[in-house]
Amino acid sequence: MTQLPTPFIFSQAALQDFEDCRRRFQLRYLERTAWPALETEPAEEHERQLQLGERFHRLVHQNHLGMPLDLLEKTIHEPLLQTWFQGYLSNYPDGLPQQRYPEVALAAPIGEHRLLAKFDLLAIEPGKRLVIVDWKTGARPISRRTLAGRMQTQVYRYILVEAGKSLNGGIEVDPAAVEMVYWFAAAPDQPVRFDYSPLQHEETSREIERILETLQGLGPQDFPLTDDLDRCRFCRYRSLCDRGVAAGELADLGIGPDPDDFDFDLDLEQIAEIDF
């Protein structure tokens, strides 16, 4: 049986890894294996795009905190980042509620463990509407079909319902009041929106419970490699798993690197907006 630390902090990235490749989940989260391999080539361009994505998220955060635009724009020296930020200013998502909370972390219990999400932006009209906005800085927009199947779309809406009461005027969150909006720096005028419903919430709850029950029932030998070799091309553990040495080409990655695609470390004690 798998022995998870208690509480184990799950994220959408951890759940996605488990669904994509159980061996990667085992190496990354259970064994904490450090493996100094590149995820994509060329490494310099990959790192540059990640840094630009992080800086874009920081600029948007500072904008929501009320920093003057002229001061923010003076800090931008890269043409691509300037294009992204101008696209954000010109194509801000329509109709968002006025109460806005940038960079908010929420957590919800799943059994003895915790499910954690860090939201780029929550826009809330207490008791009526709650909108999740996620800024994507990949090289290309992501299709609705792909987003619909990603754990981020499921987990973020689920956690907001389960743990968003404190931001919703003390009112339990109705799944039907929740919406998620993906905004793409590569296509700022083409956001992708997802509604939510009580039925979807029940389905997501069952899916998370299924993953947790499956995980807890596995032994050390029950973490096979994925059958999808394309996933190995962009995994740092590929040489450890004898799935090749060379990293995949950044141009072939499609959506490009995005800070949201990588996991994060947060201390539960540092998260104020948790409703257990």
Side-chain angles (χ1 to χ4, degrees), residues 7-16 19 57 60-61 64-65 92-111 113-136 142 144 146-184 191-212 258-264 266-268 270-276:
F8 185 84
I9 309 303
F10 286 93
S11 66
Q12 59 91 9
L15 293 175
Q16 191 68 61
E19 293 289 88
H57 279 73
V60 171
H61 184 200
H64 280 102
L65 293 180
Y92 193 83
D94 294 333
L96 294 185
Q98 291 302 308
Q99 291 189 23
R100 297 173 187 174
Y101 304 91
E103 302 294 336
V104 174
L106 296 176
I110 49 172
H113 307 292
R114 296 290 183 266
L115 183 60
L116 181 66
K118 183 180 178 183
F119 300 90
D120 289 344
L121 178 68
L122 292 177
I124 297 176
E125 184 178 359
K128 294 184 179 180
R129 293 182 64 218
L130 300 92
V131 183
I132 303 163
V133 182
D134 195 75
W135 316 110
K136 290 294 186 191
I142 310 171
R144 182 179 185 85
T146 296
L147 289 169
R150 299 293 292 177
M151 276 294 173
Q152 183 179 15
T153 305
Q154 312 309 321
V155 166
Y156 278 31
R157 293 180 298 174
Y158 174 84
I159 289 182
L160 184 55
V161 171
E162 293 293 314
K165 179 179 177 181
S166 61
L167 299 177
N168 194 40
I171 303 168
E172 296 289 344
V173 177
D174 178 1
V178 171
E179 180 185 17
M180 185 163 185
V181 179
Y182 286 101
W183 181 95
F184 305 101
V192 176
R193 297 175 178 265
F194 289 92
D195 294 330
Y196 203 39
S197 70
L199 178 58
Q200 288 176 300
H201 190 66
E202 292 175 9
E203 291 173 345
T204 300
S205 179
R206 287 195 296 268
E207 178 68 6
I208 293 171
E209 289 175 3
R210 178 193 65 79
I211 294 174
L212 185 58
D258 191 302
D260 292 339
D261 296 333
F262 297 83
D263 216 342
F264 51 88
L266 288 176
D267 185 343
L268 286 177
Q270 297 175 343
I271 303 173
E273 297 88 359
I274 297 181
D275 191 3
F276 292 145

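Source: prediction; values computed, not measured.
Annotation for Arg100 and Ala123: closest pair CG-CB, 4.0 Å, computed over non-hydrogen atoms. Annotation for Leu65 and Pro102: closest pair CD2-CG, 4.2 Å, computed over non-hydrogen atoms. When all heavy atoms are compared, the tightest approach of Pro198 to Pro175 is N-CB, 3.7 Å. In plain terms, the two heavy atoms of Pro7 and Arg114 that are nearest each other are CB-CG, 4.3 Å. The two atoms that bring Ala107 and Ile159 nearest to each other are N-CG2, 4.4 Å, heavy atoms only.
Note: Asp120 CG to Tyr156 OH = 6.5 Å, rounded to the nearest 0.5 Å. To the nearest 0.5 Å, atom CD of residue Glu162 and atom CG of residue Leu106 are 11.5 Å apart. His201 NE2 to Leu160 CG: the interatomic distance, rounded to the nearest 0.5 Å, is 10.0 Å. Here the CD-NZ distance, from Gln12 to Lys118, works out to 12.5 Å after rounding to the nearest 0.5 Å. The line from CG of Leu212 to CD1 of Ile110 is 5.5 Å long, rounded to the nearest 0.5 Å. Of the inter-residue distances, the one linking Glu179 atom CD with Phe194 atom CZ reads 10.5 Å to the nearest 0.5 angstrom.
Counting only distance, with no hydrogens or angles, the side chain of Thr204 and the backbone of Gln200 share a donor-acceptor pair below 3.5 Å. At distances below 3.5 Å, at least one donor-acceptor pair connects side-chain atoms of Arg144 with backbone N or O atoms of Arg193. Of the possible polar contacts, one joining the Gln154 side chain to the Ala148 backbone as a donor-acceptor pair under 3.5 Å is found. Side chain of Tyr158 to main chain of Thr153: no donor-acceptor pair is present (N/O by atom type, distance under 3.5 Å, no hydrogens or angles). Counting only distance, with no hydrogens or angles, the side chain of Gln16 and the backbone of Met151 share a donor-acceptor pair below 3.5 Å.
Classified by interplanar angle (parallel below 30°, tilted 30° to 60°, perpendicular above 60°), the ring pair Tyr92/Trp135 is tilted. Taking the six-membered ring where the residue is Trp, Phe184 and Tyr182 present parallel rings, their angle staying beneath 30° rather than reaching 60°.
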Next on the checklist: Go through it in stages, so that I can follow the logic: the residues are Arg210 and Glu19, the test is salt bridge (charged side-chain N to carboxylate O under 4.0 Å, His left out), and I'd like the CA-CA distance, side-chain angles, deciding distance and then a yes or no.
Outcome noted: CA-CA 11 Å; Arg210 178 193 65 79; Glu19 293 289 88; 3.1 Å; yes
Checklist entry - Stepwise, does the side chain to side chain contact (heavy atoms under 4.5 Å, CB included) test hold for Met180 with Gln152? => result CA-CA 10 Å; Met180 185 163 185; Gln152 183 179 15; 4.2 Å; yes
Next on the checklist: Checking Glu209 against Arg206 for the salt bridge (charged side-chain N to carboxylate O under 4.0 Å, His left out) test, could you report, in this order, the C-alpha distance in whole Å, the side-chain angles of both residues, the deciding distance, and whether it holds?
Outcome noted: CA-CA 5 Å; Glu209 289 175 3; Arg206 287 195 296 268; over 6 Å; no
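With Leu121 as reference, Leu96 is the one residue of Ile132, Val104, Leu96, Asp134 to meet the side chain to side chain contact (heavy atoms under 4.5 Å, CB included) rule. Between Asn168 and the choices Leu122, Val173, Val161, Asp174, the side chain to side chain contact (heavy atoms under 4.5 Å, CB included) rule is met once, by Val173.
In this structure the side chain of Val131 reaches within 4.5 angstrom of the side chain of Pro97, judged on heavy atoms.
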